[in-house]
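Okay, so here's the structure we're looking at.
Numbers restart at 1 for each chain; the letters A, B, ... are given by sequence-line order, proteins then strands.
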Amino acid sequence: MPGFLGLVRRDLQLALHHSGDTALVLAFFVLTVVLFPFGIGPEPDVLARVAPGILWVAALLAALLSLDRMFLPDYEDGSLDLIVLSRLPLGLAALAKIVAHWISSGLPLALISPALAVVVDLEPGAMPILVISLLLGTPTLSLIGGVAAALTLGARRQGVLLSLLVLPLYVPPLVFGAGAIEAQETGGDPRADLLLLAALLAAALALAPWAAAAAVRQATE
Amino acid sequence: MRPVLPDLIGEDLACRRGERLIFSGLGFRLPAGGALVLSGTNGSGKSSLLRLLAGFLPAASGRLMWGTQPVAADLAGHHARLHYVGHADALKPALTPREQLGFWSALRGLSRRQAAAAVEAAIAAFALEPVADWPCRWLSAGQRRRVAMARLLAAPAPLWLLDEPLTALDEASQAGLQAIVVAHRDGGGRVVVATHAPLAVAGARRLVLDDYHPRRAREPVLPI
Amino acid sequence: MLSRFANPARFVRVSAALLPWCAGVSIALILLGLYLALIASPPDYQQGEAVRIMYVHVPSAWMALNVYLFVAAASAVALVWRHPLAEVAARAAAPIGACFTFVCLTTGSLWGRPMWGTWWVWDARLTSVLVLFFLYLGYIALVNGFDDPARGSRAGSLLAVVGVVNLPIIKFSVDWWNTLHQPASVLRLGKPTIALSMLAPLLVMASGFTVLFVTLLLIRMRTDLKQRRIRALQLDRLTPAPAPPHTESGLPARPVAAREGI
Amino acid sequence: MNSVDGFLAMGGYGAFVWPAYGLAVLVLGGLAAYSWRRYRASVAMVDRLRQQSGRSR
């Protein structure tokens, strides 16, 4: 498809230039997770019990942080008009931007999560499941978030509005993601949760880009 | 022999932005090689008409036809045959003109080799060689405007929609642009220009948007 | 396309005729429902009089869900056929649905307190209604989040459709989460066995709420149309009559008479 | 008299049944009142604007 990889490469190139955004996302993730023991107390068994929830909620909020950078810069400098006019179907263009956003936010979150799991006493045995659940879950967060980011283009107070739109839609990935880790921790079988997470990803992959495209078309009217 | 392309025809076009009726009853015909100059007071709808012609904005009423085929029927096809240069330059401060022009021509469907050649031609035509590899944040407004204009040549398209192309351009660049427009029209292309400056475009039909301001005499149609 | 300009006269006329009847019927039904709920129905053998809260809690739960489905359906019609009234209906209905959801949550909490000792019970159904409440707030915030009301309505329509697609997934995930973290069985907000004498107040209240919804919907839609009329009139007053048609040299001015004909 | 007190006491659950109904009436009634008042205000505004534009033309 004309320019799909070019669009992903350009967005990643821009993400590298403004690497502050990715650093901000990772810093927020680390900070949020580290703060919880101060609130809950350092007892290992208590922390281990709530570790899956802490890690997943912190990752979800961190991914939410950089969502509005997905379409807003292009909307403001006129690039979005040219993307709409390009030969690349708008759904694929939206997917390209979502993929670039995931690579620069969701992926690093998943990769550094084991380091943080230690801070909240997550069982070593559950670490691989943590990474797998985040690798499966964060793309879904970017896909759903992409739709909300496109919907709120041109709105007043886009940041607050974006998180209000997106949080109820993030409940399923959170439930299955944290559920997978907890199933592993309590000796259960995480495969069911992971399969459900994968199903969510497949559905979001199929539907979200076109919803985001429709929203972009509304924004560039 | 110049390929005989159908005319771009607008019949009784009306445009609504939000709940405001900008203009109505607007008609024109733009043959291959033709030119249409839009003028009128601020807020009379020049930019809105350009965005309508580009297919961003559906006409509130009336029809926009490419020959006999309504534009709305094949929007992707219509987008593929036009360039739209709006007020914003669509340039990323961190990237160089060469990178951005290459990116935009790839997005217009050119292969890597074709894109490279077209980009070099565009850079030469707009005298951008000295700054071709500078990050755009180092460029002046005029230079950025020329890079935005260079997109016109970085990928071939018969219909050019230009919104205030002359702003921020110095005399030499303005003359260069006019020469490029003339060459484009000789090659069978056509151009619609919204401008205040008296752009000397030979044989252009002038359209004053204020003439199509929705008359107040009529009962204001309840904009649903 | 010209239908977009059509004055919604038909709707205004029909709603004017319907409104008094709807208002009357909804008040009558709700009064009858209150009588049946509070006086003419037996206390539950387990929960005693507290069961009467169910006669408000359950109908408002039904309405919360059904109004959201209404908003999503109206939004789908607005997106696909660009029918102007569908957008007006969706925008008018959402706040009503949000109120029903709020009533459902608060009565659920008031019911949980005497029965299970806590103001909030993480029961699967109640939790789904809580998430639905945030979907409503998101829709209302998005619709009012733009300076241009038309833009807000279109964005809201898309969100409502996305939301309704996610509704069953959210419901499933909450049930999955609920069985995963199965609280002590006593906390389970079991559905009391519905005796016939209890069904009557439930159905009467539900139908009363439904007719109330239609009444409020018509009022709010008429208000929305009036607001648009106000904006149009204000805009019209502000835009000065334009200068006479441009008669630049050599270009014949468009014959004014011809333009008047449209 | 005691039937009224019995009725109000609601078998000891009065403190929860009455607030539940009260809240429902408050929220739904409030929404109805608010919507109706806003409707009346809009109608009045339209008439006022129409007279003004009628007079000024």
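For the pairing with Val162(C), the side chain to side chain contact (heavy atoms under 4.5 Å, CB included) check across Leu151(A), Leu165(A), Leu169(A), Ile144(A) returns one residue only, Leu169(A).
Within a 6.0 Å sphere centred on CZ of Phe213(C), other residues, nucleotides and ligands contribute more than 12 heavy atoms. Within 6.0 Å of atom CZ in Arg231(C), more than 12 heavy atoms from other residues, nucleotides or ligands are found, so the atom counts as buried in its surroundings.
Of all the listed residues (Val175(A), Leu164(A), Leu167(A), Leu200(A)), the one sharing the greatest number of non-hydrogen pairs under 4.5 Å with chain C is Val175(A). The choice from Val171(A), Val147(A), Leu207(A), Leu196(A) that makes the most heavy-atom pairs within less than 4.5 Å of chain C is Leu196(A). For the set Leu162(A), Val160(A), Thr152(A), Leu153(A), the entry with the most heavy-atom pairs within less than 4.5 Å of chain C is Leu153(A). Between chain A and the options Leu137(C), Asp147(C), Leu79(C), heavy-atom pairs under 4.5 Å are most frequent for Asp147(C). Among Ile169(C), Leu132(C), Leu142(C), Asn166(C), the residue making the largest number of heavy-atom pairs under 4.5 Å with chain A is Leu142(C).
Contact annotation for Leu130(C): neither backbone nor side-chain heavy atoms come within less than 4.5 Å of a heavy atom of chain A. Proximity to chain C (any heavy atom under 4.5 Å) is restricted, for Glu221(A), to the side chain, taken from C-beta onward. When heavy atoms are compared at a cutoff of 4.5 Å, Ala178(A) does not approach chain C at all.
Here the side chain of Arg156(A) pairs a donor or acceptor atom with the backbone of Asn144(C) at under 3.5 angstrom.
By the 30° and 60° cut-offs, the orientation of the rings of Phe172(C) relative to Phe176(A) is tilted.
What you find for Ala192(A) and Trp176(C) is that their closest heavy atoms are CB-CH2, 3.8 Å. Contact detail for Ile170(C) and Pro168(A): the closest heavy-atom pair is CD1-O, 3.6 Å.
Contacts between residues 123-133 of chain A and chain C, counted as heavy-atom pairs separated by less than 4.5 Å, involve no residue at all.
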